[in-house]
Amino acid sequence: MPYNFELIEAKWQRYWDDHGTFVTMEDPGKPKAFILDMFPYPSGAGLHVGHPEGYTATDILSRFKRMKGFNVLHPIGWDAFGLPAERYAMQTNIHPRITTIQNINTFRRQIKMLGLSYDWTREIDTTDPNYYKWTQWIFLQVYNSWFDLRVQKARPIAELEEELGRHGTKNLFGIEHLAPEQWKSLSKKEQHDFLADFRLAYIAEVPVNWCEALGTVLANEEVGEWTEKGYTVERRPLRQWMMRITAYAERFLEDGKTLDWPASTLDQQTNWIGRSEGAEITFSLSGRSETIIVFTTRPDTVFGATYMVLAPEHPLVSLITTPDKKKLVDEYAEKTKKKSDLERGTESVKTGVFTGGYAVNPATKKTIPIWIADYVLMGYGTGAIMAVPGHDERDYEFAKSFNIPIVEVVQGGDVKKAAYVGDGVGMNSSNDEVSLNGLKTAEATNVIVNWLEEKHIGTRTVRYKLRDWLFSRQRYWGEPIPIIHLDDGTMRALSEDELPLILPELKRFQPSGTTESPLALAEDWINVVDAETGLNGRRETNTMPQWAGSCWYYLRYLDPKNDREFCSPEKERFWMPIDLYVGGSEHTVLHLLYARFWHKVLYDLGYLSTVEPFERLRHQGVILGEDGSKMSKSRGNVVNPDDVVKKYGADAMRLFEMFLGPLEEMKPWNTRGVEGVYRFLNRVWRLYADEEGRLDPAVKESPLTLELERVYHATVKKVGEDIESLRFNTAISQMMIFVNELTKAEVRPRQILEPFVLVLSPFAPHLAEELWQILGHTHSLAHEPFPKHDESKIQQSTIEIVLQVNGKVRSKLHVARDTSEKDLEGLSLSDESVRKHVGDKKIMKTIVVKNKLVNLVVR
RNA sequence: GCCAAAGUGGCGGAAUUGGUAGACGCGCUGGACUCAAAAUCCAGUGGAGCUUAAACUCCGUGAGGGUUCGAGUCCCUCCUUUGGUACCA
C-alpha cells in the first residue's frame, strides 16, 4: 500500500503553521543566509509548473542552511501591480484590487500546498499602501538627488543648491558659467527649472510606444506581447518621467565584475549597456558658423570620411538644407517619422537624401556633402556621423548606391569589393600637421585623437547604448507618483509625512480618452490647493511601471512591518547582501538592472551598506511540455501543479522537478518520471514503516557492513555538497543509491536510517517529518543538525585498477588502496590479458596513476 | 549578421585536475507473486561481430582535423539547437 501523502502533507503543513517553524530567527551568534526567489506576479491562471522549480530549489537550500545552523531569511510576496488586472477591470469593471486579492489567495494556497518553508509573517504585497508608501518614498529620494560626476555618485539635490549659492557652477563640468549672485537672482521658477535638469528623476519629451486601445504607453519589452494579441502600437512623442539610469553605466560594468552571476547574464547586461570608446569630432560647415559634432569609434579613419549623414530628426537639418532640396528632405523626414524603429532596422536597402549642404573634413580640409538617412539614429551618439565608406559596411553600401567616392585609408582589405572594418595599417592619411600612414590602428587612433584635442576639434569620449529609463505609465493600477504640478509651473514633491499617496477609488477603469491615465478622471483627487504655498495644483496622473515595486522588495522583507523607515539600518547590515537569488532569465536586463540602479542610489545616499544587492544569481530553466515544446493552452500540454500534487503528493512533485535535470537547463516534463520518484518515496516509506504506519521492528541498531557504512557516509557527503552547489538531480540519485542498497541489505540499521531521514528532509520534508516522528521524535526536524560524514569511512580499502595497453582497457584488478606504483606496474606486467596484448612487442613507456590505472605503451 | 550557452543510449540525464563513458531514473525484455490484472520484488538492457555457452574482438559522446601514453573533457574548422540582440557609428 502506498504511503498516505495526502494525510501526511496536510498534517505537517498545519504543524509548521501552528508552531511557526519557519519564522525567521535573528541570532547574532549565528551566520546568516538570505535566500530569495523572484516574487511572482499573481496572474489569474495560478501557478504553473515552472514556478515550483525555482521555489523548490531555494526551499531545499533554505532548509539545509537551517539545519547547518544558519539564520535563514526565506520570504515570499506578490508583485501585484500590473496591466493584466487593469485590463480585466476595463472589461468587467471589477476593481483590480478584488481580482488581485483573489489571485494572491490562489497563489498562496498553491505555494503552501508545496510545503515551501517561507516565513509567512514577512509576506509583502506591492499594492498594499503600507508597502507602496516606501516605493513612493524611494522615488522621492531619486527625485531629490543629482548625480555628481566629480565623485561619480548620487547626492541630495539640496547639496547642489548649497553649492550653487556658494560657488555657482564654477566647479561643475560642462555647464555655462553661473556666478553665485546670478544663481541667487534667479526667480523661484528659474531655479526650479535649473535644478530639474540635474535630478535623477526628471520629465522629458520622448518618443514612446503608445497603445490607443489600452490608453497607455508600453515599455519596449511589453510591445511584442500586445501586438501579438492584435493591438496596434505607435511611436508618439510624449512628456514622460525618466530616470537617469545612464549615470550608473560605468558602475554597473565595474561592480558587475565581482558578482557570482551566470556569465551569459552579465554578458547580456554588458551588451545592453553597450559601452564604446571613441571620439567626438567637430566638423565645420561650408559657409556657416554652426558645426556638426559626430561620434566615432574609429577616429583613425577620419581621412576617409567622404560625406556626412545626419539623422532625419537632427535639429540642424532644416538649417543646412538648401531651398532646392527642401521638398525632398521634408518628404524623407516625414516618411521616416512614420516608420517604427523595427521597420527602420529591418529594411535592408539604404535610403537617404542629399541636403544640399556641405561640411569640411577637418583632416583633409576637403568639402564633403551632407546627407540625411534613416540608418543614422537620433538616439545614439550625437545623431550625426562622419561616413567612411571604405571602412564601414553601412557607409559602404550607402556610398555604392549614391555614387559617393570611397577612399581606402586602412590597409588590410580590398575596398573595391567590400568595406574593410578590421584593424590594419594607415594609408592615404596625412596632412601638413599629422600623418597616420604606416601606423597600426591603435597607434593611429592615439595620434589622431591627440591632434584633434590639440586643435580643439575633437575629444576622447565614451558612449553607452543604454538609455534613460522611461518611468511613467498611463495606468490606474500602479503606484501614484507623489508630485504636484503647481500653477506657477513648478513641481512640488510630497514630503514624507504626506505618504502614502493612496490611489483614488474609481467607478470605471476605461482609458481617459486622452494621453493621461484613468486617474485624470478622479477630479476630487487630482485638484489640490497646496498647503505650503497656497497655490492651486494638479496631482501627477501618471503612475509608476510594474518594475518599481520589484526594484526594492528584497529590502522590505528585512523589516516588513516598520512604519518609520523602509527598513532599519541594523537589519539591513545584518541580512544584506542576498546570498542566493533565483528567478527566470527573462529578467536578465530589465528587473535586474533597474533594481541595481535603485540599490546604488540608496547606497550613495547612505541608506545601504552594500554596493550590489544580488551576490549570487541563478536562473531556473524553462520546463517544457511533455511533447518537448513550450507549454501553452493552445497546445494542450500544460501541466497543472494542483493535479500533480493531488495524484502523487507535494514531496513527489518537489523531488521530480529537482530530479528532472540541472536547475538552469531547459527540460521537458515527463509524467512517467513523476511516477519514478513517487516509487522511490514509497520505497523509503517501506524501509521504515510497517503496514499500519508504525516503525517496522526490523529498524534497530544492528551491525553495519563496511559497504553500508560507506554508502551512508558517501550519501551524506554528496547530498550536502550537491545542495550547496544546487546540483539537486545528482543529490537525489545518490539518495536513490542509498535506498537501493538498504532495500537489498535486509538489515535495517537504525544508526544510519535515522540520520538519513534528515538528509532526505530538505527534498521531501513532509515524508521526512512523518518518519522522524515514527522514529520516536516529538519535535519537527527542521532545526536538527544536518548529519556529518566521516571521510575515512568513504574510502574503500580495495580499489579497482584499470590496466591499459596503448590506452585501451585490457584488464581490471582489485588491489589494496595506495598500492605503490612499482607494485602496480609489476601486477600489470604479470596480468594474463595484458601479456596477451603486449605479445612480443616492446614496451616503450609505462604510465602509472596511483589508485587509478596502469597504461603500457607498446610498439 | 553579432554575442552567449549547449549537442552523450529508445528518453531525461551522470561522469574532480584529461584517466573504466552511459551513474540514477524512465521505457523496454524476461522472471517471481496472482485465477488474472494492478502494485511490488528479482534479473537483463549502447551498437555490431563471433560463439552451444563462457569468453573475446571491434565501433561508439553532432561532423572533420589536431595535441596527448590516454580526449565526452583541451585546441582549430564546420554543422545543428536554444537564449539574447539587431543599421549603436
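In what follows, every chain begins at residue 1, and chains take the letters A, B, ... in the order their sequences are listed. Keep in mind that this is a model prediction, so the values were computed, not measured.
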Rounded distance in Å between the [atom1] positions of [N] and [M]:
N	M	atom1	value
B:rC58	B:rC42	C1'	33 Å
B:rG72	B:rU16	C1'	15 Å
B:rC75	B:rU67	C1'	7 Å
B:rU57	B:rU51	C1'	12 Å
B:rG22	B:rU73	C1'	15 Å
B:rG60	B:rA4	P	31 Å
B:rC11	B:rA86	C1'	37 Å
B:rA63	B:rA55	C1'	35 Å

Among [options], the nucleotide that comes nearest once only the side chain of [X] is considered:
X	options	answer
A:N729	B:rG12, B:rG13, B:rA89	B:rG13
A:V849	B:rA21, B:rG19, B:rG12	B:rG19
A:P668	B:rA89, B:rG25, B:rG12	B:rG12
A:R679	B:rG19, B:rU57, B:rG27	B:rG27
A:W272	B:rG25, B:rG13, B:rU85	B:rU85
A:K852	B:rA23, B:rG12, B:rU17	B:rU17
A:I737	B:rA89, B:rC24, B:rC69	B:rC24
A:Y380	B:rA89, B:rG13, B:rG27	B:rA89
A:N670	B:rC26, B:rG19, B:rC41	B:rC26

Note every stem involving RNA chain B: at least three consecutive Watson-Crick or G-U wobble pairs, i with j then i+1 with j-1, with both distances under 3.5 Å.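 Stems for RNA chain B, defined as runs of 3 or more consecutive pairs: B:1-7 with B:79-85, B:10-12 with B:24-26, B:27-32 with B:40-45, B:46-49 with B:56-59, B:62-66 with B:74-78.
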Hey, does the side chain of [X] come within less than 4.0 Å of [N]'s phosphate (OP1/OP2), counting only N and O?
X	N	result
A:K845	B:rC69	yes
A:R810	B:rC58	yes
A:N740	B:rG25	yes
A:H837	B:rU57	yes

Strictly below 4.0 Å, N to O, side chains only: are A:K646 and A:E6 in salt-bridge contact?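 Salt bridge flag = no for A:E6 with A:K646.
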Charged N-O contact under 4.0 Å between A:D260 and A:R618: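 Looking at A:D260 and A:R618, the cut-off is met.
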In B:rG65, glycosidic geometry as syn within 90° of 0 or anti otherwise: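 Nucleotide B:rG65 adopts anti.
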Atom [atom1] of [X] to atom [atom2] of [N]: distance rounded to whole Å?
X	N	atom1	atom2	result
A:K718	B:rU16	NZ	P	9 Å
A:K808	B:rG70	NZ	C1'	12 Å
A:Q268	B:rA5	CD	P	11 Å

Indicate the atoms forming the closest heavy-atom contact of A:V639 with A:V49, along with that distance.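 In terms of heavy atoms, the two residues are closest at O-CG1, 3.4 Å.
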Can you establish whether the number of heavy atoms outside A:R835 located under 6.0 Å from its atom CZ is more than 12?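 No, not enclosed.
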What orientation do A:Y248 and A:F252 show, parallel under 30°, tilted 30 to 60°, or perpendicular over 60°?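 Because their plane-to-plane angle lies in the 30° to 60° range, the rings of A:Y248 and A:F252 count as tilted.
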Evaluate the ring planes of A:W469 and A:Y594, with Trp represented by its six-membered ring, and classify them as parallel (under 30°), tilted (30 to 60°) or perpendicular (over 60°).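 The arrangement is parallel - the two ring planes meet at less than 30°.
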Step by step, work out the side chain to side chain contact (heavy atoms under 4.5 Å, CB included) result for A:Y380 and A:S276. CA-CA 11 Å; A:Y380 183 77; A:S276 46; 2.9 Å; yes
Is A:E393 touching bases, backbone alone, or none of the nucleic acid, heavy atoms closer than 4.0 Å?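 Touches nothing.
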